[in-house]
Amino acid sequence: MARTNDDVAAVLEEYADLLAITGAEDFKIRVYQKASRSIGAYPADIADYDATALKQIPNVGESIAGKVAAYLRTGSMAKLEELRARIPAGVRALTRIPTLGPKRAMALHQSLGVDSPESLEAAIHAGALDDVPGFGPKSGENLLHGIALLRQAAERVHLGVAMPLAEDIVAALQKVHGCRRCGYAGSLRRMKDTIGDIDILATSNRPKALMSAFVALPQVTEVIVRGDKKTSVRTEQGLQVDLRVVPPAAWGAAMQYFTGAKAHNIRTREIAGHHKLKLSEYGLFDAGTDELVVSKTEEEVYRRLGLPWIPPPLREDTGEIEAALAGRLPDLVTENDVRGDLHTHTDLTDGLASLEEMAAAAAERGYAYYAVSDHGPDLFMQRMTLDKARSQRERLRELDETCPVRLLHGVELNIGPDGDVDWPADVLAEFDVCVASVHSHFDLPRDRTTRRLVRAAENPCVNVIGHPSARLIGRRPPIDADWEAVFEACARTGTALEVNAFPDRLDLAADLVRRARRQGVKFAVDSDAHAVGHLANLRYGIGAAQRGWLTADDVINTWPLDRLTAFLRKERTLTPA
DNA sequence: GCCGTTTTCGGCCCGACTGTTTTCAGTCG
């Protein structure tokens, strides 16, 4: 299931955690964390690598390469096994309790013998904490609260939940007297598909007023920490929201800092160090004199570090720093580049709006072209028939004559367990665009799922594989396929992969998008709209595309219609009739 | 343990807040 790289990354991460619990030096812990990230983000599969090959990976040196090579050979890592033998697995679980880090977790384990959140909870209730130095009454209270939160498993929420909430809070704070600027940062600004907490940044010379307004927001149910510079709250759905207030002149440095990701920031601070500078949320400073160099805009901060401005979706330390230094950052696709949507529904099947309403909404968005792609007959509950599809086409052609948007007649086919789709080639040839998606049989064995998707791609009439992994964030895992084989087939046959913009799908996911792009695959960023309001979800799909390093050239629905049409002909025109 | 426009040795990201401390360690982001 998991790639070798992910498996090794998890092992190194665990080793780093156990080192921290045993009180190892900070820098040693960080080295294993860095190596874990580097291997996790490394594009090639390392399954067959030996120590020499492993050392080519950044942050993997002699020692780690040796450990990983042994792990790949034997399935175990001696040093890790040693630590596992010393520290019960539950102690690592203790560090997942908020306010309890490795040091204090180990202290509790040694003095009380606790080895799980449950046994800690029992020990606290028994009053055992009173005898442990460094733990007062407040600690017990906070730990119990933390254990309760852990139990609720405050899950990460998807972008479609976090973004509107963040936008509401920003709008409210902007109205507070003295607030100069306010915006969201963090993983939300990086457009991660799921969000653990929301980071809001504001500038004001009167931070107290801003903090008071913040904790009084109707969405707030609990204040976690409160200060003049930083306040954290929890909302009714258990989501943590942090507000940071900095002086107006520090906006750029603060935005850079709070957008993260943490690993990206560590790199930018290291680079600052090399330039004898010091970077914090308050600005870029001369390391010797502490004099401010720049802080007003992110562009200035990056420029002074010798870097171009790096778009937030790339800031993960997965190669963007190296690309920036080499002047090879991708020119990312934006929502403005998009000329049309290739996957949308109407009330002919499971959509809520009519063909006319959807076409009008597409025109309003300024699209040049727009495909209606209702379900084919194989999704039986949608009651589609060939007659219905053809009569929809007639209406669409008629509407097209007066519509400012060029209307395309499409279909969303169902990919059966063996890769077959609803209609034969002669029927499919009547459509302008064919999307084909998996809607059932999600648990087939990997090789069968791979064959299923490859066959769909090899169908000369299938233009786009819709929501390729069929995942539903937080509800259904992605189907298991040999994705490299699927990507190869798509690149070879001129079949695009969809980046479905529905916020609980965001499918293909960004990391797979990036891997597919390396194989030369093209993409369609589609809304899969079932209602007028869904067309605007496209922004989330663009976020995923950006996180996958896509340029406009990689995305077929940014192309002019004639180029798109040529792509959609696929090899149909090359195959003799 | 890794790495090199400061280096093959000596550095390793920075600041806010909390709780328990009498000046700071631990945790978090």
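Everything numeric here is computed off the predicted structure, so don't read it as measured data.
For R517(A) and F523(A), the positive end is not near the middle of the six-membered ring at less than 6.0 Å and at most 45° from its axis.
Taking the side chain of D199(A) as heavy atoms from C-beta on, and the options dG29(B), dT20(B), dG1(B), the nearest nucleotide is dG29(B). Checking dG19(B), dG29(B), dC2(B) against the side-chain heavy atoms of D242(A) singles out dG29(B) as nearest. In this structure, of dC3(B), dG1(B), dG29(B), it is dG29(B) that holds the atom nearest to the side chain of Q240(A).
Here K67(A) lies in heavy-atom contact (under 4.0 Å) with sugar-phosphate atoms only. Across all strands shown, P133(A) has no heavy atoms under 4.0 Å from either base or sugar-phosphate atoms. Here I97(A) lies in heavy-atom contact (under 4.0 Å) with sugar-phosphate atoms only. Among the atoms of the strands shown, only primed sugar atoms or phosphate atoms (P, OP1, OP2) are found under 4.0 Å from some heavy atom of E62(A).
Two residues, G101(A) and G134(A), neighbour DNA chain B, and the one matched to the more 5' nucleotide by heavy-atom proximity is G134(A).
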What nitrogen or oxygen pairs link the protein and nucleotides 4-6 of chain B at under 3.5 Å?
unit_1, atom_1, unit_2, atom_2, d
dT6(B), OP2, H274(A), O, 3.3

Where along nucleotides 10-18 of chain B does protein come under 4.0 Å, by heavy atom, of base (B) or sugar-phosphate alone (S), with - for untouched nucleotides?
--BBBSSSS
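Using N1 to N3 plus N6-O4 or O6-N4 for Watson-Crick, or N1-O2 and O6-N3 for G-U wobble, each under 3.5 Å, dA25(B) pairs with dT18(B).
A salt bridge is defined here as a Lys NZ or Arg NE, NH1 or NH2 lying under 4.0 Å from an Asp or Glu carboxylate O, and K229(A) with E281(A) fails to meet this definition.
Judged as a side chain to side chain donor-acceptor pair (under 3.5 Å), and not counting sequence neighbours, K192(A) has no contacts.
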